[in-house]
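Below is one structure, written out as structure tokens, with a few remarks after it.
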Amino acid sequence: MTTFDDVEVVQRRAGRLSLLLARTDAPPRPLVLPVARIARAERRLAVRWRIAAAVALLIAGAAGVPPVRAWIADTVRAAWRSVTGRHQAVVPPAPAAPTVTTGAVSFAAPDPLTIRIARRQTAGGTLTIERTDGLSVSAAVTGEANAAELVVGPEGLRIVNRRASTAGYVIRVPAGLSRIVVQVEQERPRIFGSPAAGDRYVVDLGVRSAPVQALK
């Protein structure tokens, strides 16, 4: 048997070679997942979604109450800064602009045009007649909500108002009318011509202290 055939020699050399290879191999690095970091990121994302949902619900629910909207805006800004460290503008819906027109009608202008007011108003009020560039008559109730009913008829307009009303009435008429007849209650009618551009007629609807001659 030769030296290379000696089993013990071969085993010793194989053992040494295995030991040498084991020493030269780099040990594998353990894989560490950033579990804590991922969890924190997920919590921040969930909080932001909850804040966004709360903003939508609160602003939608308080759209008509200005003080509540202001409180919501301040609260959401503070919550957003605490979560993100940044300023986030939260703008609640703007309140609807108040309107003073509580009723309006438009109709073809008869000639002559007759305007009848059902009664004088104890708190005052006026009927204003102005010129318009259009071809139709328009009438609008201003000031008090639900102050009067505007009724259009063949001869013109009837304003069915209340004695306690505080409203005013604006009538816009086209140029070229031969006459505008205004009658308050059963009083004698007042006759006007078509107003010139920029002019207006104003009729006081307040209760008069002296008796007014009624129409016979």
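- When all heavy atoms of Ala164 and Thr122 are compared, the closest pair comes out as CA-OG1, 3.9 Å.
- If you take CG on Leu205 and CZ on Arg120, they are separated by 6.5 Å, rounding to the nearest 0.5 Å.
- Across all non-hydrogen atoms, the minimal contact from Ala147 to Val141 is CB-CG1, 4.1 Å.
- Ile159 and Val170 are not part of a single hydrophobic cluster, where members link through side-chain heavy atoms under 4.5 Å apart.
- With a 4.5 Å cut-off on side-chain heavy atoms, Pro195 and Ile180 count as touching.
- The 12-atom threshold is exceeded at CD1 of Ile191, counting heavy atoms of other residues, nucleotides or ligands nearer than 6.0 Å.
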ask   = Can Val202 and Thr126 be said to form a side chain to side chain contact (heavy atoms under 4.5 Å, CB included), step by step?
value = CA-CA 6 Å; Val202 179; Thr126 58; 4.0 Å; yes
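- Arg200 has its side chain out of reach of Arg131: every pair of non-hydrogen atoms, C-beta onward, lies at least 4.5 Å apart.
- In the hydrophobic clustering of ILVMFWY residues, with side-chain heavy atoms under 4.5 Å counting as a link, Val173 and Tyr201 come out together.
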inquiry  = Could you walk me through whether Val182 and Ile171 satisfy the side chain to side chain contact (heavy atoms under 4.5 Å, CB included) test, starting with their C-alpha distance in whole Å, then the side-chain angles of each, then the deciding distance to 0.1 Å, before giving a yes or no?
reply    = CA-CA 11 Å; Val182 176; Ile171 315 296; over 6 Å; no
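- Remark: Arg163 pairs with Glu185 by the salt bridge (charged side-chain N to carboxylate O under 4.0 Å, His left out) rule, at least two apart or across chains.
- Within the 4.5 Å cutoff, the side chain of Val181 has no heavy atoms near those of the Arg190 side chain.
- Side chain of Glu144 to main chain of Thr166: a donor-acceptor pair is present (N/O by atom type, distance under 3.5 Å, no hydrogens or angles).
- To the nearest 0.5 Å, atoms CZ (Arg179) and OG (Ser194) are separated by 13.5 Å.
- A salt bridge does not link Arg162 to Glu149: none of the charged side-chain nitrogens sits closer than 4.0 Å to a carboxylate oxygen.
- Of the residues listed (Leu157, Asn161, Val160), the one engaging Ile117 in a side-chain contact (heavy atoms from CB on, under 4.5 Å) is Asn161, and it is the only one.
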Side-chain donor-acceptor pairs of residues 107-116 under 3.5 Å, sequence neighbours excluded:
residue : atom : partner : partner atom : Å
Asp111  : OD1  : Ser178  : N            : 3.0
Asp111  : OD1  : Ser178  : OG           : 2.7
Asp111  : OD2  : Ser178  : N            : 3.2
Asp111  : OD2  : Ser178  : OG           : 3.4
Arg116  : NE   : Glu155  : OE2          : 2.9
Arg116  : NH1  : Gln183  : OE1          : 2.4
Arg116  : NH2  : Glu155  : OE2          : 3.3

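- Going from atom CG of Leu127 over to atom OH of Tyr169 covers 9.0 Å, rounded to the nearest 0.5 Å.
- Here the shortest heavy-atom pairing between Ser136 and Ser106 reads CB-OG, 3.8 Å.
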